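Just so it is clear, the model here is predicted, and its values are computed rather than measured.
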Amino acid sequence: QVIPEVSQLLGTTLVTNVTKLDFISESTLQVEREHDGGYETFEVGLPASLSVSEKINRPRIPKPQDREIAKQKSVVRVGANELSKDFSVFGSAGSPTSVRAVYDSSYTRKPIIFDAASDPEKTVSEALAALERVLKEKPALTQPQTEARGDPSKRVWSVFLQGEAELQTAKEVLSRLSQLGYTAEAVFVGGAADYQVHSACKHGAKSLFVIPIKDGNWSSKVVAEGIVQAIMKEEPYAVFFPSTVKGREVAGRVAGALRLGLTGDAIDLKPTSQGELVQVKPAFGGNIMAEIVSRTIPQLATVRPGVFEA
């Protein structure tokens, strides 16, 4: 979500996940971007903030002469002292989020092959006996885990944006927040049909808000402005967005506008006995999990689709 935050701070046009880019003129780009529902094409005036996907170009090996030319190019380095005289705004001290814990989530699997060709019934019995032995060796797998409960006095939002993936993820997050014990609230951007309202209530929403958007076309800037105004008025404890192309754009803009911390691509939300709401996110290809806590309120995070049951 870095590019959306940068765009918000600079006041530039934003397009993320760009797969194709062409100059129409010296001051205008035509960009194609992929999102969860398909492709969109925009004409974008410069300056603009763009993030590109791996599909933007095919990898190519530079020629030896091109490498020599590249060596002669200068690299501009900007030091912290050129950006601010207050060094406390940099590094972990200046970060609006902090890492609470890091742990290894990798695992090894030992394959066990059973041949049921001669005696299927006996093979099934052997497989069940092997499974029972494994469960006895690892009782933690069968023992219920005690989960800390969220504070019901804290209002937490699940944001419903336009789009099938966005709406489904928002329902999943709403269910999780309600399950944890928080006062879960649904925030619809642009409007909500009757069936969507009923669905949100079914998934645990205690209250519903609708943020009207005048512009019928999608605009992360307009949507973010509406959410920012709602946050300033209602002061929720935490706000969660779907980790989709649209959700990441809006979340980044909201974080930039309000100078808030933002956790990206969370796969779990966990209250602690100390009253924190921890966001768990994968790192290094998913083999490492990091527990993130926000130093700013409201807490903001994007949540990966499909990690919670709706």
Without hydrogens or angle criteria, can the side chains of [X] and [Y] be said to hold a donor-acceptor pair below 3.5 Å?
{"X": "Ser88", "Y": "Asp86", "value": "yes"}
{"X": "Ser53", "Y": "Glu34", "value": "no"}
{"X": "Thr12", "Y": "Ser49", "value": "yes"}

If you measure from the Lys or Arg side-chain nitrogens to the Asp or Glu carboxylate oxygens, is any gap between [X] and [Y] under 4.0 Å?
{"X": "Lys270", "Y": "Glu291", "value": "yes"}
{"X": "Glu185", "Y": "Lys206", "value": "no"}
{"X": "Lys246", "Y": "Glu249", "value": "no"}
{"X": "Arg155", "Y": "Glu234", "value": "yes"}
{"X": "Asp265", "Y": "Arg304", "value": "yes"}

Closest heavy-atom contact between [X] and [Y]?
{"X": "Ser243", "Y": "Pro305", "value": "O-CD, 3.7 Å"}
{"X": "Gly264", "Y": "Thr302", "value": "CA-OG1, 3.3 Å"}
{"X": "Thr296", "Y": "Gly261", "value": "OG1-N, 2.9 Å"}
{"X": "Ile292", "Y": "Lys281", "value": "CG1-CG, 4.1 Å"}
{"X": "Val18", "Y": "Ile56", "value": "O-CD1, 3.9 Å"}
{"X": "Glu225", "Y": "Lys221", "value": "OE2-NZ, 2.8 Å"}

Spell out, as yes or no, whether a donor-acceptor pair under 3.5 Å connects the side chain of [X] to the backbone of [Y].
{"X": "Gln168", "Y": "Ala165", "value": "no"}
{"X": "Arg295", "Y": "Ser95", "value": "yes"}
{"X": "Arg33", "Y": "Thr41", "value": "no"}
{"X": "Ser158", "Y": "Ala170", "value": "yes"}
{"X": "Ser125", "Y": "Glu121", "value": "yes"}
{"X": "Thr19", "Y": "Glu32", "value": "yes"}
{"X": "Thr183", "Y": "Pro152", "value": "yes"}
{"X": "Asp36", "Y": "Val245", "value": "yes"}
{"X": "Ser178", "Y": "Leu174", "value": "no"}
{"X": "Arg248", "Y": "Gln1", "value": "no"}

Taking the side chain as every heavy atom from C-beta outward, state whether [X] and [Y] have any atom pair closer than 4.5 Å.
{"X": "Ile3", "Y": "Leu50", "answer": "no"}
{"X": "Leu260", "Y": "Pro96", "answer": "no"}
{"X": "Ile231", "Y": "Pro298", "answer": "yes"}
{"X": "Ile112", "Y": "Phe114", "answer": "yes"}
{"X": "Phe240", "Y": "Leu277", "answer": "yes"}
{"X": "Ser98", "Y": "Ser92", "answer": "no"}
{"X": "Leu29", "Y": "Leu21", "answer": "yes"}
{"X": "Phe87", "Y": "Asn81", "answer": "yes"}

Consider only side-chain heavy atoms of I, L, V, M, F, W and Y, link residues closer than 4.5 Å, and tell whether [X] and [Y] are in one cluster.
{"X": "Leu161", "Y": "Val239", "value": "yes"}
{"X": "Tyr182", "Y": "Ile297", "value": "yes"}
{"X": "Val173", "Y": "Val280", "value": "yes"}
{"X": "Leu14", "Y": "Val228", "value": "no"}
{"X": "Val278", "Y": "Leu177", "value": "yes"}

Chi angles and distances behind the side chain to side chain contact (heavy atoms under 4.5 Å, CB included) call for Arg176, Asp268: CA-CA 9 Å; Arg176 176 61 173 166; Asp268 198 6; 3.2 Å; yes
Neighbour count above 12 (heavy atom, 6.0 Å) for Glu309 CD: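 No, because the 6.0 Å sphere around CD of Glu309 holds 12 heavy atoms or fewer from other groups.
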Enclosure of Glu164 CD (heavy-atom neighbours >12, cutoff 6.0 Å): no
Nearest 0.5 Å, please: how far is [atom2] in [Y] from [atom1] in [X]?
{"X": "Glu26", "Y": "Leu46", "atom1": "CD", "atom2": "CG", "answer": "10.0 Å"}
{"X": "Lys20", "Y": "Tyr39", "atom1": "NZ", "atom2": "OH", "answer": "11.5 Å"}
{"X": "Leu167", "Y": "Phe188", "atom1": "CG", "atom2": "CZ", "answer": "7.5 Å"}
{"X": "Arg253", "Y": "Ser7", "atom1": "CZ", "atom2": "OG", "answer": "4.0 Å"}
{"X": "Leu262", "Y": "Gln279", "atom1": "CG", "atom2": "CD", "answer": "9.0 Å"}
{"X": "Phe160", "Y": "Leu208", "atom1": "CZ", "atom2": "CG", "answer": "8.0 Å"}

Residues Thr263, Leu300; criterion side chain to side chain contact (heavy atoms under 4.5 Å, CB included); working and verdict: CA-CA 6 Å; Thr263 301; Leu300 302 183; over 6 Å; no
Result of checking Ile211, Leu258, Val222 against Ile227 for side chain to side chain contact (heavy atoms under 4.5 Å, CB included): Ile211
Ser175 and Phe308: CA distance, side-chain angles, deciding distance, side chain to side chain contact (heavy atoms under 4.5 Å, CB included) verdict: CA-CA 8 Å; Ser175 294; Phe308 302 131; over 6 Å; no
Val159/Val250 under side chain to side chain contact (heavy atoms under 4.5 Å, CB included): CA gap, chis, key distance, verdict: CA-CA 10 Å; Val159 177; Val250 174; 5.9 Å; no
Parallel, tilted or perpendicular: rings of Trp157 and Phe209 (30°, 60°):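 The arrangement is tilted - the two ring planes meet at 30° to 60°.
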